[in-house]
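Just follow the structure's listing: the first ligand is 1, and inside any ligand the first atom is 1.
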Amino acid sequence: MRYISTRGEAPALGFEDVLLTGLATDGGLYVPESLPHFSLEEIRSWRGLPYSELAFKVMHPFVDDAIPADDFRKMLDETYSVFAHKAVAPLVQLDTNEWVMELFRGPTLAFKDFALQLLGRLLDYVLEKRKQHVVIMGATSGDTGSAAIEGCRRCEHVDIFILHPHQRVSEVQRRQMTTVQGDNIHNIAVRGNFDDCQRMVKESFGNQSFLGGKTQLAAVNSINWARIMAQIVYYFHASLALGGPDRSMAFSVPTGNFGDIFAGYLAKKMGLPISQLVIATNRNDILHRFMSGNKYEQHQLEHTLSPSMDIMVSSNFERLLFDLHGRDGLAVKTLLENAAKGPVSIEDYRWKHARKLFDSDAVDDKTTCDTIREIYEQNEYLLDPHTAIGVRAARNCRRDPAVPMITLGTAHPAKFPDAVAESGLTVEPPLPAHMADLFEREERYTVLDNDISGVQEFIARHWKNA
Ligand SMILES: *Cc1c(COP(=O)(O)O)cnc(C)c1O
């Protein structure tokens with residue numbers, strides 16, 4: 001399998017190189033040159049498979065001969081055995097034909113574990129083979145940092161440095177990062193805000209001379225193709241559990257960077273009958289505004305009760321724009337260069353095509369809280385604020401009540417107790433048993449000034465073979 005850039009000018013790469021590369025050299029994102037396609041008969045034959053075996057069937061064509069089948073199977077078995085539920089992604093029923101797929105049974109209680117648990121293992125495997133080492137550098141305001149750290153904790157060929165804004169992440173989120181033990185794990189609290197952290201990471205990728213040429217930086221944010229690939233699997237899993245592929249399904253996806261829902265779009269293109277995909281956003285609704293009015297325009301960032309969806313632009317949307325433009329990289333390049341300067345639109349027939357593929361809805365904080373309360377009162381089931389947005393959008397956008405509607409449950413409610421409290425409920429979501437001692441665990445992190453040379457010097461001194 002070969003991968004090409006959405007901006008048409010970078011060289012095509014194989015799976016291993018795509019894994020180790022962040023952005024393509026032309027600023028684009030990598031996508032598969034062609035997608036595998038599965039017949040209904042083949043998909044039907046996967047009914048009843050354990051999650052990791054299904055994952056093998058869906059992902060093997062993308063990995064191809066980069067990893068021998070037996071090794072890849074073993075890696076997937078390990079990856080999905082760390083989830084605290086036998087079904088890995090259990091389905092919970094809310095109403096007739098209405099479901100939540102719980103994607104938060106992994107080590108950090110958010111769906112990002114599905115991809116990052118695998119990504120850490122994939123990286124280590126490829127680096128072992130190549131006798132190489134990488135330094136992962138990332139900035140986090142919450143979920144991604146802890147999932148990346150958990151994913152890399154056992155990697156021998158990876159050091160990971162995660163920057164978070166000092167005293168500006170929640171205690172649960174900080175502890176999920178800083179209590180993970182491992183010589184290759186380095187948490188840096190920067191005396192600054194999230195943007196300061198992100199700027200330092202970006203500048204460091206641009207000029208890696210501080211590493212002295214002895215190692216290189218790698219990215220684990222959602223532009224990494226392997227993360228998308230891992231997320232395709234659970235769409236098949238949900239469908240097969242509810243009578244697919246002999247009936248079609250609808251999905252509602254709490255959306256930020258458009259990674260998770262893009263995986264659903266790919267599942268459909270690969271042959272899974274999906275009749276509706278709902279983009280559910282919070283007040284940071286650039287995608288909903290585009291879908292409603294064909295205007296792609298950046299607004300100021302708003303802080304909401306669903307912080308993991310607080311974005312100004314959705315980086316993975318570029319991958320959809322590439323398809324909408326008939327895979328014309330230069331058209332995408334021009335469009336996105338213009339979008340950086342001001343609002344843009346696409347040709348009407350392309351936009352109408354996008355509207356056939358997706359429905360969308362934006363949900364504000366008040367309605368998020370109302371939904372948490374409503375579902376609790378109806379079912380005694382507690383939603384986290386991100387999943388609540390998905391459930392609300394699902395109910396607002398639903399086209400056919402005969403089609404099962406599945407909302408992706410992206411986080412455990414215990415991660416976001418403030419939203420639960422604000423919804424007026426007096427229940428407190430308890431941490432799951434495997435994390436109940438989080439507040440007693442020993443923390444390790446280093447506080448540094450908001451100064452890039454100090455941070456870079458710290459990294460240069462602390463990676464494994466420094
Ligand atoms: C990251 C995240 C999202 C958004 O996912 P995207 O792939 O960026 O669209 C939604 N909910 C939670 C809890 C997340 O952590």
Side-chain angles (χ1 to χ4, degrees), residues 29 89 100-117 119 138-151 169-170 172-173 176-177 194 220-232 234-235 251-267 277-288 290-291 304-320 358 360-363 368 372 382-394 407-420 429:
L29 307 186
V100 168
M101 176 160 50
E102 294 188 339
L103 300 176
F104 48 76
R105 302 303 192 110
T108 72
L109 310 182
F111 83 91
K112 293 187 169 70
D113 289 327
F114 275 83
L116 285 164
Q117 283 293 317
L119 184 57
T140 191
S141 54
D143 291 342
T144 306
S146 55
I149 286 171
E150 278 288 349
V169 297
S170 79
V172 172
Q173 288 180 321
Q176 281 191 312
M177 297 190 279
F194 174 62
V220 292
N221 50 10
S222 72
I223 59 169
N224 192 308
W225 161 256
R227 286 187 56 179
I228 307 282
M229 172 183 87
Q231 291 166 200
I232 299 171
Y234 43 68
Y235 289 89
F251 289 92
S252 174
V253 186
T255 298
N257 267 323
F258 204 73
D260 217 1
I261 192 159
F262 185 70
Y265 159 82
L266 294 180
L277 284 166
V278 179
I279 300 168
T281 75
N282 63 22
R283 289 291 305 283
N284 296 289
D285 59 351
I286 181 167
L287 293 173
H288 176 59
F290 172 77
M291 294 304 300
T304 71
L305 289 173
S306 43
S308 303
M309 289 156 60
D310 288 347
I311 46 94
M312 288 198 292
V313 292
S314 294
S315 43
N316 282 295
F317 195 56
E318 176 162 350
R319 289 185 157 119
L320 180 73
F358 298 96
S360 70
D361 195 18
V363 178
T368 303
I372 293 175
L382 207 46
L383 297 173
D384 99 287
H386 306 81
T387 309
I389 287 172
V391 167
R392 173 53 53 202
T407 295
L408 303 201
T410 51
H412 191 289
K415 277 193 108 161
F416 301 97
D418 294 353
V420 176

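Within a 6.0 Å radius of CZ in R105, more than 12 heavy atoms belonging to other residues, nucleotides or ligands are found.
When D260, L116, V253 are each tested for a side-chain contact (heavy atoms from CB on, under 4.5 Å) with F111, only one passes: D260.
Of all atoms in ligand 1, numbered sequentially from 1 with element shown, those under 4.0 Å from a heavy atom of A411 are 13 (C). Counting atoms of ligand 1 from 1 in the listed order, those under 4.0 Å from a heavy atom of T410 are 10 (C), 11 (N), 12 (C), 13 (C). Close approach to G259 involves these atoms of ligand 1, each under 4.0 Å from a residue heavy atom: 6 (P), 7 (O), 9 (O). Near T255, meaning under 4.0 Å from one of its heavy atoms, ligand 1 places the atoms 9 (O). Ligand 1 places these atoms under 4.0 Å from at least one heavy atom of P254: 4 (C), 10 (C).
The distance from the CG atom of L277 to the OG1 atom of T255 is 9.5 Å, given to the nearest 0.5 Å.
Judged purely by atom type and a 3.5 angstrom limit, N282 uses its side chain to pair as donor or acceptor with the backbone of S306. At distances below 3.5 Å, at least one donor-acceptor pair connects side-chain atoms of T387 with backbone N or O atoms of T410. Under a 3.5 Å cut-off, the side chain of S252 and the backbone N or O of G390 do form a donor-acceptor pair.
At the shortest separation from atom 6 (P) of ligand 1 among protein heavy atoms lies N257 N, 3.5 Å. Ranking the protein heavy atoms by distance from atom 4 (C) of ligand 1 puts G256 N, 3.5 Å first. Among all non-hydrogen protein atoms, the one lying nearest atom 7 (O) of ligand 1 is D260 N, 2.9 Å.
The side chain of F111, and not its backbone, has at least one atom closer than 4.0 Å to an atom of ligand 1 (non-hydrogen atoms only; side chain from C-beta on).
Under the 4.5 Å side-chain criterion, counting only non-hydrogen atoms from C-beta, F194 is not in contact with V169.
Annotation: F258 places an N or O atom under 3.5 Å from an N or O atom of ligand 1; distance criterion only.
Taking all heavy atoms of H386, K112, K415 into account, the minimum distance to atom 14 (C) of ligand 1 is reached by K112.
In summary, the side chains of N257 and N316 do not present any donor paired with an acceptor at a separation below 3.5 Å, with no hydrogens or angles considered.
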